[in-house]
Amino acid sequence: MIAGCSFNGNVPPQGENPASDGSISPRPIDGATPGGDGAVADAEPSPGSPDAFVPQYSLAVNLAGDAHVGSDFPGNYLADDGSYCGGNLWEVSVGIHNTVDDPLFQTNRYGTFTCAFGEGTMPMGDYSVTLLFGEVHRGSGCPSSGVTSRIFDVWLEGMRVMDDFDAVAASGGCVASVLSSTPMPVTRSFVTTVTDGTLNLETSGATNGMISALRIESAIPIE
């Protein structure tokens, strides 16, 4: 956990910050299965496949959390040292339904915030960005049980890739609910092009955005 941070369970007021028009459809990863909001789920080749691709650039971060080696959600996730994203920090200590990767979803960053990854060092090219979501605050059986949705937009490199994404609906409810064990964490993956060495992400919308963790990998060999 990030040193010096505390979590008192108080969510800041949600101000309106509507996204601008002119959203751009993301390019899905080849072979991925479309999600209900136009996003795609992970598509990963079998480890022994001759077409298996080892990314030349890889970065995974457990937002607001500690380092973690993923199993259900593979990757060597770095601890969030506060240098990647703004926003607010959230933490719960209860178990997460339908995954062994509880640490990836017991923390998140939320609000209307921006992130920057790579610090100008990423080679120019296309990158796969996988976002992990697990609602642990809103929904039946969670602290804000009266609020049943968290709807927001996500932008990558200035392009809107998620429009009115409902994190609660996508997971089937709060993944830390004390009333139901069926909700489960979800992922959404996109391909975006980085030309300036830094991958930029932002959230917007009328309600607080939320991201639990993310993984960035080069999508094709970088020359």
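Computed over heavy atoms, backbone and side chain alike; hydrogens, waters and symmetry mates excluded. These numbers were taken from a predicted model, which means no experiment stands behind them.
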Connected-component partners of Val178 among ILVMFWY, side-chain separation under 4.5 Å: Leu179
What I'd like to find out is whether the side chain of [X] reaches to under 4.5 Å of the side chain of [Y], using heavy atoms alone.
X      : Y      : result
Val136 : Asn108 : yes
Val191 : Tyr127 : no
Asn208 : Arg150 : yes
Leu63  : Tyr77  : no
Asp80  : Asn62  : no
Leu201 : Val154 : yes

Closer than 3.5 angstrom, by distance alone: can the side chain of Ser149 be matched with the main-chain N or O of Asp166 as a donor-acceptor pair?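 Not at all, since once roles are kept as given, no pair shorter than 3.5 Å links the two residues.
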Using only atom types and a distance under 3.5 Å, with no angle test, would you say the side chain of Glu135 pairs donor to acceptor with the backbone of His137?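 At least one qualifying donor-acceptor pair exists.
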Any side-chain donor-acceptor pair under 3.5 Å between Ser71 and Asp101? no
Who are the side chain to side chain contact (heavy atoms under 4.5 Å, CB included) partners of Ala170, not counting sequence neighbours? Phe165, Val186, Arg188
So which of Thr187, Ile216, Leu214 actually passes side-chain contact (heavy atoms from CB on, under 4.5 Å) with Leu131? Leu214
